[in-house]
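Let me begin by presenting the structure, written as structure tokens, before commenting on it.
To find a chain, count down the sequence lines: A is the first, B the second, and so on, and within it residues start at 1.
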Amino acid sequence: MALPKRIIKETERLVAEPVPGIQAIPHDDNLRYFDVSIHGPAQSPYEGGVFKLELFLPEDYPMTPPKIRFLTKIYHPNIDRLGRICLDVLKANWSPALQIRTILLSIQALLGAPNPDDPLANDVAQRWKEDEPGAIATAREWTQTHAAP
Amino acid sequence: MGNTSTKESRGASPPPHHQHRNSRSFSGPSSSAYAPDMERAGSSSLRLGRRHRGENFEAALLGLNLAQHRDREREREREEGPYKTREERRAEKEAERRKEREKERERSMAEESVDGGYLVTVGVYTGPEDYNLKVVRQLQIERRLAPFWKGIPDHESDWTDAQLVAAAQGKDIPDADAVIPPSPTKPANEDLNRLTVPMATRSRSQSYGSDASPSSSTGRLSSLSLSSSPLAGFSRPRSKTLGFSRSSSSNSAPVETNIPSKTVNNRPIEAVLYENASECPICFLYYPPHLNRTRCCDQPICSECFVQIKRADPHIPEHSPPGSPAPQPVDQDRRAHAGDQLVSEPASCPFCKQPELGVVFTALPWRRGLVYANQTHPYGIQQQSHLSHSSNTSSTSSLPVPGTPTRKKTSYAVNAPEVITTDRIRPDWATKLAHAKNQAARRAAAATALHTAAYLMHNMSNQTSSASSNPFSSRRILRRMNNSSGSMTPNGGSGTVTPAAASSTTNIVPEVPEPTPAAPATQSAALQNVLRRARMVDLEEMMLMEAIRLSLAEEEERKRKEEKEKKEKEEANAEAERAAARLATSAPEPSRMDLGKGKGLAPRVDTISIGRRSEDAQSSPTIGFGTSSHHLKIQRATSDVSSSASSMKEPEAGNSDEDDGTEPIFNFQSLAQTLMEAEDGEANGNNVAGKGKQAENVENVAPLKKEADTTATGEEPDTADSKTAVRHESVRVLGQETA
């Protein structure tokens, strides 16, 4: 089936005007599947890390959200061990007016602002609440071990 | 109601497992696909004939008294295998529908247009068109929703007319100095500008509220032939059933007429339209700059994208949705019940997330293509139509002044007359919600009954056997169920028919049996509600649960058999002796023995023959004990009642002639029934009778529970139902006997 014009255009624009700190490259054999890398935002425990993600645009995109998952191990209360992300705009709050670009920016922002009150990784969230400095130290540690560029 | 309900009696002829499978499958996806089917059926009278026949069957299944249909269907399923055919048939139907829709689309694109756009989607999205085609079509002809203009992938602001035309027609963009090629479709008589040409009677557009009536299929006239005969004039009024034609006595009913010109101010219509094309922010295609605008934030959105946006499927409300609008009226009866908890929120704006997306379309200053003949200005028809079919038009004063298409407002109230909401083009959302609620309610009621049964069985087994180490205690089940409901995600209501999905209702389950300490009054009120619903539970759901329960029995039975093998011999010996002793005292009853074994045995009753007979009873239950149920009872009386090994088997052989297919259900049904009645406090005669049955049922299932291990609970019912058909009977017969 032909690729919808929207996906083609989004891809073109991502290449033409890349977002600083975010890269998304479609696979040659499946233009709906993207290799994504996001730089950890400054002043966050993830600073200096480059996180790899996979992104897939389902059949009815943009009416349904893209599927995104972290491939790099990350210590974050809203990202579980499998790399799944708890982010409202990836679920109920998705809107067809959002794009790959905006959704990746949201994920980057999530790295900068963990939300332990709406956790996906319960143990991490618990620790984040009880011992924030310790949790941040662990996150920093994991970033160095797993997300070194 | 009760045991003699007619619904259940239809299970009399086919084997229970088959019927179960059948009913289950149609309560599932097929009926949910049903509503859109009907929508579409009405969309074209030409397809009606064939479509109708196909759907009649569905309609029949949905509760009409067409048992023959059902039987025929069952026959077919038997021949071809139930699962595959059903899916295949649905796929076939779907393919056929697509093909016809494709044809319809081609025809419409060739013949019909509205201001240079189309009345059918042009293929930006490939999914099913689940909006109401009729409503959208009418709105577009009324210029209240932008037509489906063709989106062009690229656009340059300095394109010449020729380039614009080529782009709009999907051709390669020519050089800037190219001339516009003569369009073959251009009508010769362009000077007849506002010539009205009757469109062939299109059943689609003529009835708003009523489904396409058969009388409207007067055939399809091509507009080509019509355009050469302009004398036809106003052909015919739209359907009399049109709601608002009655309310406006001064205006005649609208007639579809055509303005065939393809030019505007002597320029090609495409050039005019796409001259300042703007991009739809959702599909990224370029459209004429007259797109619909969201009512809330004035963002453009093309019709093609707009018709894709819809309510999410009914779901359980998320914890405290922030800033959500006033709940739907359907929420008002929300109770502690899964079915009632389901909500369906109107789609929110994709741009500003404001709830209840609606769009406003400002009509072009000129018009081409289809119009309603007596529509003098864009809102002329709208005014009257609103008076009749939306009662809440409070702000008719906000109508723009005729002739000034410029917008004065940037945001509209959701009930403003100009606003077209997503619900407006999907009027069936309420039906869908109701359907989902129904399903959830059924599931919940089934789960309630199941848990009730489990609880009672638990109680009884505690009484009969003081073994406290029951691994299958209902407490444990309940706890487990509660856990799973606690971790349930919002998509729990999306229609999975696993028993776990029904567990969301377990908060009410512990209150069902009275022994539970401290049942809060509010919850018991909710319970009443549930039980009332349970009364309406469909047979198939009961069957499903029955299957779950019996699958436990099945597993139990398997174990029991092994045990039985061991016990058998000593048991047989012991029983033979006892029977002999018993018969020795009642020896002067030769007639009974006659019935049992035939003529040869009557005078000579010796212990050996009896012994053999009782051995038969134990080992090979199929051996003909025939009608000697009395005899069996004697044996049963003498044998150890708690040795359920034999009790499971014997009656099956002995009483099978009394069995009929409907009976097995009743035990269970009556149990649920009884519970409901007991809870409702309806003290009628059934109550007493019901209690007796309840006891008997419990008694006969209680031993089964003892050893059933927890693995069986998760078993899918459809794997279980076929196996358990036989167990059914034995359980029931046992119940009769103990009673």
Q | Shortest non-hydrogen separation from A:K9 to B:F284 and the atoms involved | A | NZ-O, 2.6 Å
Q: Write down the atom of A:W94, the atom of B:K353, and the distance for their closest heavy-atom approach.
A: O-NZ, 3.5 Å
Q.
Please identify which of these residues, B:C349, B:S348, B:P350, meets the side chain to side chain contact (heavy atoms under 4.5 Å, CB included) condition with A:S95.
A. B:P350
(Q) Given heavy-atom pairs under 4.5 angstrom as the criterion, report whether the side chain, backbone, both or neither of B:P153 touches chain A. (A) both
Hey, does [Y] have a side-chain heavy atom less than 4.5 Å from the side chain of [X]?
{"X": "A:R6", "Y": "B:I282", "answer": "yes"}
{"X": "B:Q308", "Y": "A:D60", "answer": "no"}
{"X": "B:I309", "Y": "A:P96", "answer": "yes"}

Q. Are B:E279 and A:R13 within salt-bridge range, i.e. N to O under 4.0 Å?
A. yes
Q) So which bits of residues 35-56 of chain A come within less than 4.5 Å of chain B, counting non-hydrogen atoms only? A) none
(Q) Using only non-hydrogen atoms and a strict under-4.5 angstrom cutoff, which residues of residues 14-27 of chain A touch chain B? (A) none
(Q) Test your reading of the model: is there a side-chain donor-acceptor pair from A:K5 to the backbone of B:D154, 3.5 Å cut-off? (A) no
Q: Please check if atom CG in A:D28 has more than 12 non-hydrogen atoms from other residues, nucleotides or ligands closer than 6.0 Å.
A: no
